[in-house]
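Worksheet: one structure, shown below.
Per chain, numbering begins at 1; letters A, B, ... match sequence-line order. Worth saying up front: this structure is predicted, and the values here are computed from it rather than measured.
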Amino acid sequence: MKIVCIVERQRRASIKRPPTPDAEDETDREPTIQEIINIKLIESGEKERLKELLRERLIECGWRDEMKALCRAHARKKGRNNVTVDDLVHVITPKGRASVPDSVKAELLQRIRSFLSSTAL
Amino acid sequence: MTPAPGAGDLVHLLTPQQVGKRSVIFVPVESFQRVHNLAKLCVSVILIMSTPAEDNVSSNSQLSSDLFGDLLDSIIVDVASEAHRIARLGLDRNLDEEEVELRLSAEARARASDPSHSGEANGKYVVDIFGQTHPPVANEILECMNCGRSIMAGRFAPHLEKCMGKGRKARLKATRSSNAAQNRYSRGSPLSTHSPYSNSTGPNRSNGSSGVAGDENSCGTLREL
């Protein structure tokens, strides 16, 4: 039996980076499983490969052009010089997440899962 | 207090007394995501228990989805920042408005070509891109370094042709002096036809040498400048 204890914490996705944590925070917190995996992923170079693969697939299927068209339309509506990157991210993110083709998503998930099973957890 | 929509099927896990209070509930891990929403409203700590076999698969899939979302987010940021750059620099307009600009430039060219046709006949009314008009023949006056005459700039090249070597008279001058040089240095007896020239080579050569000297002088002055 495995018991996992979770405390509710809100995470806001934004470009603005959080301030660097103090030394006290570092020593108090244990690295979560997710963080350990993330570090393993980055160190082995797999994250970069996965990102490149995803980018390539999304370009092939036209997802990137759709997103750029959305951005262009939004920029025209708001006025060319009034858009911010944050703004565009918030515009694209919901539609972007929803419109990823299933085949692309399945392929990436497959690769991620095989990586997770290959690294001993 | 009613729980959030999307967690309806798990409401039964809460007793009425637990709603709105801090409490602990046990749920299977595959329903964790939905319980998350429930948790935001009702409970602050959740203990999740499951069997090890289920555990790996479901936590794996959860982790995979999270990682995929992470990758997708960074790609979204890339696309957004590139689109932002294009919008700010006005590069996206160029693709559409290129046609408009081409049309405008063609019209401008047509407009410009009409007066220029009449201008070529006229000679003085061709306007360049800075709005200046130029006479067909350049009218600055310069001094020829070979013969010392003052020549108009537009007539300078033809004058030099005649003066220095290409024209008929100039070539005769040159051939006279070169033949004379050959006659002087060749061992064979000079032909009688060349003899009348031999008298005239002296003054010609002196002219030529003075011309050369003049060249050197002018070069010297140029260098001084």
Side-chain angles (χ1 to χ4, degrees), chain A residues 1-8 10 13 15 33-34 37-38 41 47 50-51 53-55 58-59 63-72 74-76 78-93 95-97 100 104-105 108-117 121, chain B residues 22 24-29 32-33 35-93 95-96:
Chain A
M1 279 260 215
K2 191 173 178 183
I3 301 180
V4 178
C5 178
I6 307 248
V7 176
E8 171 63 47
Q10 225 179 8
I15 310 276
I33 293 179
Q34 202 156 13
I37 300 272
N38 207 10
L41 206 56
K47 189 161 197 193
L50 289 170
K51 196 162 148 190
L53 177 65
L54 182 59
R55 195 178 281 146
L58 289 176
I59 291 176
W63 176 91
R64 194 165 195 260
D65 298 321
E66 284 174 24
M67 295 301 118
K68 282 174 79 170
L70 277 176
C71 291
R72 228 179 293 149
H74 183 82
R76 282 207 190 132
K78 267 219 152 182
R80 232 182 62 204
N81 289 322
N82 296 337
V83 283
T84 63
V85 183
D86 237 351
D87 202 18
L88 291 175
V89 166
H90 287 127
V91 165
I92 299 183
T93 298
K95 291 201 183 133
R97 283 182 171 240
V100 176
V104 173
K105 188 164 181 178
L108 262 292
L109 285 176
Q110 174 63 33
R111 279 197 65 160
I112 293 173
R113 259 184 244 130
S114 65
F115 175 82
L116 289 176
S117 51
L121 262 175
Chain B
R22 259 181 182 218
V24 168
I25 59 171
F26 294 169
V27 298
V29 73
F32 168 63
Q33 195 58 36
V35 169
H36 218 228
N37 297 333
L38 198 66
K40 284 179 196 169
L41 287 181
C42 311
V43 306
S44 56
V45 174
I46 311 168
L47 280 177
I48 303 175
M49 299 204 301
S50 62
T51 58
E54 280 178 8
D55 189 29
N56 277 337
V57 171
S58 40
S59 68
N60 257 2
S61 63
Q62 181 61 42
L63 270 173
S64 317
S65 313
D66 283 345
L67 286 169
F68 177 75
D70 207 15
L71 290 172
L72 195 60
D73 277 339
S74 66
I75 291 187
I76 285 177
V77 167
D78 288 343
V79 173
S81 79
E82 189 182 330
H84 173 264
R85 173 182 175 266
I86 288 179
R88 280 302 202 118
L89 295 179
L91 296 176
D92 61 343
R93 296 286 175 162
L95 302 170
D96 286 335

Check: Do you know which two heavy atoms are closest between Leu116(A) and Ser64(B), and how far apart they sit?
Finding: CD1-OG, 3.7 Å

Check: Hey, is NZ on Lys51(A) packed in by over 12 heavy atoms from elsewhere, all under 6.0 Å?
Finding: yes

Item checked: Inter-residue atom distance Ile37(A).CD1 - Asp66(B).CG, 0.5 Å rounding -> 11.0 Å

Check: Are Gln34(A) and Leu67(B) close enough that some pair of their side-chain heavy atoms sits under 4.5 Å apart?
Finding: no

Checklist line | Best-contacting candidate, Val91(A), Thr84(A), Asp87(A), against chain B by heavy atom pairs under 4.5 angstrom | finding: Thr84(A)

Note to self: If we define contacts as heavy-atom pairs under 4.5 Å, which of Leu88(A), Leu109(A), Asn82(A), Asn81(A) has the most with chain B?
What the structure shows: Asn81(A)

Next item on the list: Locate the shortest heavy-atom distance separating Asp78(B) from Arg55(A); write the atom from each residue and the value.
Entry: OD2-NH2, 2.7 Å

Next item on the list: Of all the heavy-atom pairs spanning Val89(A) and Ala80(B), show the shortest one and how long it is.
Entry: CG2-CB, 3.6 Å

Note to self: Any heavy-atom pair between the side chains of Arg97(A) and Asp73(B) that's under 4.5 Å?
What the structure shows: yes

Note to self: Looking only at heavy atoms and a cut-off of under 4.5 Å, which of Ile75(B), Asp70(B), Leu89(B) has the most pairs with chain A?
What the structure shows: Ile75(B)

Next item on the list: To the nearest 0.5 angstrom, please state how far the CD1 atom of Ile92(A) sits from the CD1 atom of Ile76(B).
Entry: 6.5 Å

Margin query: Testing the basics here: between Leu72(B) and Val100(A), what is the closest heavy-atom pair and its distance to 0.1 Å?
Written below: CD2-CG2, 3.7 Å

Next item on the list: Would you name the heavy atoms of Phe68(B) and Leu54(A) that are closest together and state the gap between them?
Entry: CE1-CD1, 3.9 Å

Notebook entry, point to check: Heavy-atom distance under 4.5 Å to chain B: side chain of Leu58(A), backbone, both or neither?
Noted result: side chain

Margin query: Would you compute the distance between atom CZ of Arg80(A) and atom CD1 of Ile86(B) and round it to the nearest 0.5 angstrom?
Written below: 12.0 Å

Note to self: Restricting to non-hydrogen atoms, name the atom on Val79(B) and the atom on Arg64(A) that form the minimum distance, rounded to 0.1 Å.
What the structure shows: CG2-NE, 3.8 Å

Next item on the list: Look at Gly69(B), Ala83(B), Ala87(B) and state which one has the largest set of heavy-atom pairs under 4.5 Å with chain A.
Entry: Ala87(B)

